J.: 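Pasting a structure here, questions to come.
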Amino acid sequence: MRFGVLGTGVVGQSIAGRLVELGHETRMGSRQAGNEKAVAWAAEAGDGASEGSFADAAEFGEVVVNATAGGASLDALEAAGAENLAGKVLIDVANTLDFSQGMPPRLSVANDDSLGEQIQRAFPEARVVKALNTVTASVMVRPGPLGESTNLFICGDDEGAKGQVAEVLQSFGWALERVTDIGDISAARGAEMYLPLWLRIYSTLDTAEFNIGIVRGG
Ligand SMILES: NC(=O)c1ccc[n+]([C@@H]2O[C@H](COP(=O)([O-])OP(=O)(O)OC[C@H]3O[C@@H](n4cnc5c(N)ncnc54)[C@H](OP(=O)(O)O)[C@@H]3O)[C@@H](O)[C@H]2O)c1
């Protein structure tokens with residue numbers, strides 16, 4: 001399958017790299033085609049890897065991943081082009097951390113809205129699935145080293161899109177029964193508002209390589 005990965009940061013690089021490793025043609029997008037990090041990534045990733053603008057990557061992908069800074073995601077997706085997202089599964093990995101007022105970061109969207117919903121509203125023809133935003137980049141694409149089964153949350157309005165995303169996650173190493181569908185795209189509020197707790201656990205454990213697991217009582 002062809003993927004477009006919007007984002008040249010550690011998340012974009014991790015996801016795009018894993019997709020190429022799994023045999024998918026993958027184009028990394030950034031504000032400007034020829035972005036230094038994207039060019040270096042494509043050269044290192046080898047066959048199947050390419051780079052371009054956000055629009056180039058979105059047009060290329062049958063599935064598109066939003067791995068841009070949360071505060072800039074709507075602009076990045078605007079640049080990607082609604083026409084290049086229409087009808088496609090759009091995996092939204094972004095978080096809305098706002099560091100502009102210092103530490104700890106605030107959430108720029110919270111409570112009765114979320115970035116996932118904003119994206120779905122702005123691009124009604126895209127099939128938005130929020131996923132992977134609750135774990136660090138290395139864990140997203142290789143959960144195995146955690147050594148235990150932990151949970152990943154997905155949500156979105158399109159059941160078929162969630163099914164497709166679950167398959168991608170399974171190919172990354174997530175057990176399907178641990179990919180927990182928490183409902184429609186408004187559930188992105190919870191997934192995004194988990195971040196303050198994630199940051200506290202991170203500073204307590206002094207590592208980003210962790211995740212949480214659900215234990216059922218009945
Ligand atoms: N780091 C993690 O482990 C982790 C874990 C879970 C979720 N997340 C979320 O995943 C997303 C990506 O994180 P990251 O750390 O890889 O990278 P990042 O530094 O948050 O974002 C980098 C990307 O954002 C784009 N960008 C920045 N400002 C922009 C603007 N004004 N307009 C358009 N695009 C802009 C950059 O474009 P250029 O390529 O053109 O520079 C770049 O592609 C974030 O939303 C983050 O919160 C991160």
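Everything quoted here is computed from the prediction, not taken from an experiment. Both ligands and their constituent atoms are indexed starting at 1 by order of listing.
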J.: When you measure from the side chain of Q120 to the backbone of V128, do you find a donor-acceptor pair of N or O atoms at a distance under 3.5 Å?
T.: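 Confirmed, Q120 side chain pairs with V128 backbone.
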J.: If you apply the rule side chain to side chain contact (heavy atoms under 4.5 Å, CB included), what do you find for F172 with L132, and how did you get there?
T.: CA-CA 11 Å; F172 286 176; L132 291 168; 4.3 Å; yes
J.: Is M140 close enough to touch ligand 1? Criterion: a residue heavy atom under 4.0 Å from a ligand atom.
T.: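 It does; at least one heavy atom falls under 4.0 Å.
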J.: Test N133 against every option in N95, D92, T96 by the side chain to side chain donor-acceptor pair (under 3.5 Å) rule and name the one that passes.
T.: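 The residue from N95, D92, T96 that satisfies side chain to side chain donor-acceptor pair (under 3.5 Å) with N133 turns out to be N95.
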J.: Quick one: does T96 get a heavy atom under 4.0 Å from ligand 1?
T.: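 Checking ligand 1 against T96, which is what was asked, there is no heavy-atom contact under 4.0 Å.
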J.: Taking the basic N atoms (NZ, or NE/NH1/NH2) and the acidic carboxylate oxygens, is any pair closer than 4.0 Å for R27 and E59?
T.: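 Salt bridge absent between R27 and E59.
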J.: V10: heavy atom below 4.0 Å from ligand 1, yes or no?
T.: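 Yes.
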J.: Under 4.0 Å from ligand 1, counting heavy atoms only, is it the side chain of N35, its backbone, both or neither?
T.: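 It is the side chain that gets close, since no backbone atom is under 4.0 Å.
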J.: From the options R31, E51, M28, select the one whose nearest heavy atom is closest to atom 37 (O) of ligand 1.
T.: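 Nearest option to atom 37 (O) of ligand 1, by heavy atoms: R31.
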J.: Are any of the N or O atoms of N95 closer than 3.5 Å to those of ligand 1?
T.: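 Min N/O separation from ligand 1 is below 3.5 Å for N95.
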J.: Is atom 19 (O) of ligand 1 in close reach of the protein, with a heavy atom under 4.0 Å away?
T.: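 Not a single protein heavy atom is under 4.0 Å away.
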J.: Heavy atoms only: which of N133, V11, V65, L97 is nearest to atom 10 (O) of ligand 1?
T.: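 Looking at heavy atoms only, V11 sits closest to atom 10 (O) of ligand 1.
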J.: For residues W198 and F210, report the shortest heavy-atom separation together with the two atoms involved.
T.: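 Heavy atoms only, the tightest pair is NE1-CZ, 3.2 Å.
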